[in-house]
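Here's the structure we're looking at; comments come further down.
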Amino acid sequence: MEISLKDGSKIVYDSPISIAEIAKNLSEGLYRIAAAAKVDGELVDLSTIVDKDCSLEIVTVKDKDGLQVLRHTCSHVLAQAVKNIFPTSKLAIGPTIDNGFYYDIEFKTPITQDDLIKIENEMKAIIKSDLPIERLVYSKKDALKIVKDFCEPYKVELINDLPAGAVISFYKQGDFMDLCRGPHLPSTGKIKAFKLTSITGAYWRGNEKNKMLTRIYGTAFDKKSDLDEYIEKLEQAKLRDHNKLGRDLGIFMTEEVIGQGLPILMPKGAKILQILSRFVEDEEEKRGFMITRTPYMAKNDLYRISGHWDHYRDKMFIIGDENSPEAMALRPMTCPFQYQIYKNGLKSYRDLPCRYSETATEFRNEASGEMHGLIRIRQFTLSDGHIICTPEQVESEFKRCLDLSYYFLDCLGMKDDVSFRFSKRGKNKDKYIDNDKAWNETEALMKKILDDIGLTYVEAEDEAAFYGPKLDVQSKNVYGKEDTLITIQLDFAAAHSFEMTYVDENGEKQYPFVIHRSSIGCYERTLANLIEKYGGAFPFWICPEQVRVMSLTERTSDYAKELVLKLKAAGLRAEADVRNEKIGYKIREAQMEKIPYMFIVGDKEKESETVSVRSRKNGDLGVKSLDEIIAELVEEDKSKRV
RNA sequence: GCUACUGUGGCUCAGUCGGUAGAGCAGCUGAUUCGUAAUCAGCAGGUCGGCGGUUCAAGUCCGCCCAGUAGCUCCA
């Protein structure tokens, strides 16, 4: 048989041979780092016997796929160690994830941080003894018997869900055996560096009605230095955590007496939100939106029409007895309010599209465990808006929405940090408005639009709004957790439920389409992203304080104050520091507050009407004339450069 | 909401076996008037997240609650 390798070369063998042998023949070095192999593109164990013509690629621990295999094997080592120390524990699942792996396990009693160290030590012993890993294949019936003998109820459930004729593989290392599709490393000794990172809870099969298991997270690498580098990177990321940095920089705070999920934006944070929202409102107006101001609350009747009362009530703050006809609720969104504006007066096809936007404060009663810094809160301000248009206009309006959001992301320097998710309806139809035809048509329409634009996106089941599919712009926080930053949604139902219509060219009544959209997202969440992206050192145009003028001695404090007035008159945000402190001390404070420019004024500058300019990034820039530097900064502010 | 962990001056942290709370920075006062990341000295600041319990005695042990963190579930 003939085996073609990745580099184009071919080798010929007369009789069946294991991939491990082939690797060994190719090179000892390759054999040492081999983790698995790809046969005709399919990832398999090194122990696989090749007996016919095929293409072969040896996957090493240096490859992305190989690292995944290594981590997967490490999760088995974790499971083995746990079973050794806690024989009564029950194993659920142990997959790899982006940065490592986890294993979900049911323990008789909760385990502690100390247990984690014990488990790590046991894992080290298993790795050190370099147990060979063997793949075993069974029929469904035999597989069930094995896991029943092992008293592993979760594995029984997993196998029961597999089709009747399925070939079921197990992997055995020493006296430990686990149900697994594989592939795995040839032996445990190939894991060179690992660390168990945290213990958390996780529901069996991701369903909150199921039992909560203990999830042990870990990560593994093929060298110690890679692990150290990873840990160092995590430490660095933590320094940018908006929830810490945002508080340290005086951007926001929370107060126990106010309540969970209700952050206070302090002057700096409020200023940033004002800068962003003014920019957004002005740009939206340029692009044909009409700004609205609608009530923060409404009678329950409004939410009954919109469907929120049925689909969203547990997330709403209800005022008064929810069973009373008088019950009011704080708005969790602005849509039904803006619809009333549309309904005020007859609409002609000539009036469409109607584009309404609002810097909208909204209220959602998130579960207590969901709150996080500025990213998940109970009162937030969304750059909300709704476009009511004819079916023919949907495509161009949708594209305009995306274009606007993309423009804002560009101005924030974030366009390369986001990914796109096409969020569709899932199998659990209770969560969605019941209209298969409309769902299918709308999802197909959105897909067409996205493909037309040539957008790179992932499709996600069961992530749609209850009234239609969404395009979500996703961003990750410093810990790698993904959240939706911006969303553009198609709604086929609202026009019908709210009786929104327009009169077409033939004088006939028609139902329009509704696009729900955010342009820059929720301001608090966007601010959180900005803090983390820039580590608090915001682009010049966003900085709440752009320039700090520092007097060198008391003799120049009046000059410093005068400069601040001039800067403010030029539309720049500036403050004076005329305290009786050494200049190094004032500079140090301004640097730590991440203020982009410092003007240092002593007797020389006062005399010559100049300033000594220092940038937070490049240090001392030398002496400049006042007019020159003000003109430069005004230009930088206007440019919205990042 | 669920699982685990955390909570000591504004911030960062110490506080041993249960025996009257301690430091640095920040703050205030005074001195210093200084050229690009911390001048010196003094003073003041705490119901140890809250409530209850055990005890002669609780920051420390127990229970409940509040808030925060990671993850799950949910979601902008």
Side-chain angles (χ1 to χ4, degrees), chain A residues 102 104 107 110-113 116 197-217 238 241 243-244 247-248 250 253-261 312 314-315 332-333 360 362 364-377 380-384 423 431 462-463 465 470 472-475 479 481-487 489 516 518 520-526 528 550-557 579-592 598-605 612-616 619-623:
Chain A
Y102 66 79
D104 283 351
F107 287 93
I111 61 163
T112 63
Q113 210 63 37
L116 216 54
T197 47
S198 61
I199 322 171
T200 67
Y203 298 108
W204 167 236
R205 303 207 136 176
N207 187 329
E208 64 179 327
K209 293 196 177 75
N210 289 342
K211 195 179 174 88
M212 182 159 268
L213 309 172
T214 301
R215 176 171 294 179
I216 301 176
Y217 281 96
K238 270 189 203 162
D241 182 349
N243 205 7
K244 175 86 175 69
R247 292 169 199 269
D248 289 348
M253 56 177 279
T254 50
E255 190 38 66
E256 216 177 291
V257 76
I258 291 178
Q260 238 193 332
Y312 211 80
D314 60 329
K315 285 282 176 67
M333 73 291 302
E362 304 181 347
R364 296 184 189 178
N365 193 3
E366 301 290 347
S368 63
E370 302 297 349
M371 257 70 75
H372 173 69
L374 290 176
I375 287 183
R376 263 313 259 295
I377 52 184
F380 57 90
T381 306
L382 187 67
S383 58
D384 206 355
S423 298
K431 287 162 66 181
D462 206 23
E463 293 286 351
K470 309 190 286 177
D472 293 319
V473 183
Q474 303 291 107
S475 71
Y479 298 103
K481 183 169 173 159
E482 192 176 278
D483 272 296
T484 300
L485 193 60
I486 294 168
T487 180
Q489 314 173 345
H516 304 243
S518 176
I520 204 171
C522 157
Y523 286 96
E524 292 84 351
R525 185 175 285 184
T526 301
M550 304 167 186
S551 56
L552 202 62
T553 69
E554 245 168 38
R555 292 191 300 279
T556 53
S557 55
R579 290 173 304 169
N580 177 16
E581 294 289 351
K582 285 192 158 177
I583 200 66
Y585 183 86
K586 294 185 186 182
I587 288 171
R588 181 182 149 81
E589 271 194 5
Q591 284 287 152
M592 289 197 305
M598 288 153 257
F599 287 2
I600 292 143
V601 291
D603 294 330
K604 280 186 283 181
E605 287 80 6
S612 173
V613 182
R614 183 190 162 96
S615 98
R616 72 178 166 205
D620 194 350
L621 300 181
V623 176

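This structure is a prediction, so every number in the text was calculated from the model and none was measured. Here is the naming used below: chain letters follow the sequence lines, and residue numbers restart at 1 for every chain. Worth knowing before you read on, the calculation uses all heavy atoms, side chains too, and leaves out hydrogens, waters and symmetry mates.
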Looking at every strand, decide which applies to [X] at a 4.0 Å heavy-atom threshold: base, sugar-phosphate, or nothing.
{"X": "Lys211(A)", "answer": "nothing"}
{"X": "Gly619(A)", "answer": "nothing"}
{"X": "Leu382(A)", "answer": "nothing"}
{"X": "Glu482(A)", "answer": "nothing"}
{"X": "Tyr102(A)", "answer": "nothing"}
{"X": "Asp104(A)", "answer": "nothing"}
{"X": "Glu581(A)", "answer": "base"}
{"X": "Leu552(A)", "answer": "base"}
{"X": "Arg215(A)", "answer": "sugar-phosphate"}
{"X": "Gly250(A)", "answer": "nothing"}

Roughly how many Å apart are [M] and [N], using the [atom1] atom of each and rounding to a whole number?
{"N": "C48(B)", "M": "A67(B)", "atom1": "C1'", "answer": "16 Å"}
{"N": "C2(B)", "M": "C11(B)", "atom1": "C1'", "answer": "33 Å"}
{"N": "C66(B)", "M": "G24(B)", "atom1": "P", "answer": "38 Å"}
{"N": "A23(B)", "M": "A14(B)", "atom1": "C1'", "answer": "7 Å"}
{"N": "A31(B)", "M": "C13(B)", "atom1": "P", "answer": "36 Å"}

Would you check if the side chain of [X] reaches a backbone N or O of [Y] as a donor-acceptor pair within less than 3.5 Å?
{"X": "Thr526(A)", "Y": "Gly521(A)", "value": "no"}
{"X": "Ser475(A)", "Y": "Leu485(A)", "value": "no"}
{"X": "Asp472(A)", "Y": "Gln474(A)", "value": "no"}

How do Gly369(A) and Val623(A) order along RNA chain B: which one's closest nucleotide is nearer the 5' end?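 Mapping each residue to its closest nucleotide by heavy atoms, the 5'-most match is Gly369(A).
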
Assign each of Cys522(A) and Gln591(A) the nucleotide of RNA chain B bearing its closest heavy atom; nearer the 5' end lies the nucleotide of Gln591(A)

Salt bridge or not for Arg376(A) and Asp483(A), using N-O below 4.0 Å? no

Looking at Arg579(A) and Glu589(A), is there a salt bridge between them, counting it only when a charged N and a carboxylate O are closer than 4.0 Å? yes

Rounding to an integer number of Å, can you tell me how far [X] [atom1] sits from [N] [atom2]?
{"X": "Asp472(A)", "N": "C74(B)", "atom1": "CG", "atom2": "C1'", "answer": "14 Å"}
{"X": "Glu589(A)", "N": "A38(B)", "atom1": "CD", "atom2": "C1'", "answer": "9 Å"}
{"X": "Asp483(A)", "N": "C72(B)", "atom1": "CG", "atom2": "C1'", "answer": "14 Å"}
{"X": "Tyr479(A)", "N": "G71(B)", "atom1": "OH", "atom2": "C1'", "answer": "13 Å"}
{"X": "Lys481(A)", "N": "A76(B)", "atom1": "NZ", "atom2": "P", "answer": "14 Å"}
{"X": "Leu116(A)", "N": "U3(B)", "atom1": "CG", "atom2": "C1'", "answer": "15 Å"}
{"X": "Ile111(A)", "N": "G71(B)", "atom1": "CD1", "atom2": "P", "answer": "17 Å"}
{"X": "Arg247(A)", "N": "C11(B)", "atom1": "CZ", "atom2": "C1'", "answer": "13 Å"}

Listing time: all N or O pairs from protein to nucleotides 49-52 of chain B that are below 3.5 Å?
none

Looking only at non-hydrogen atoms, find the nearest pair between Lys586(A) and Ser551(A) and report the distance.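 Minimum heavy-atom separation between Lys586(A) and Ser551(A): NZ-O, 2.8 Å.
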
Looking only at heavy atoms, which two atoms of Ile377(A) and Gly261(A) are closest? And how far apart?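 In terms of heavy atoms, the two residues are closest at CB-O, 3.3 Å.
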
Tell me which nucleotide among U33(B), G35(B), U39(B) gets nearest to the side chain of Arg555(A). U33(B)

To the side chain of Thr484(A), which of G35(B), C72(B), A76(B) is closest? A76(B)

Exercise: do Ser518(A) and Thr487(A) side chains pair donor with acceptor under 3.5 Å: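 No, no side-chain donor-acceptor pair sits under 3.5 Å.
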
Any side-chain donor near an acceptor of the partner, Thr484(A) and Arg525(A), under 3.5 Å: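 No, because no side-chain N or O of Thr484(A) sits under 3.5 Å from a partner of the opposite role on Arg525(A).
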
Can a side chain N or O of Tyr585(A) be found less than 4.0 Å away from OP1 or OP2 on A26(B)?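 Indeed, a polar side-chain atom of Tyr585(A) lies that close.
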
With centres under 5.5 Å and planes under 30° as the test, does Phe380(A) stack with A76(B)? yes

Syn or anti for C17(B), given that syn means the glycosidic angle lies within 90° of 0?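 Syn, angle within 90° of zero.
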
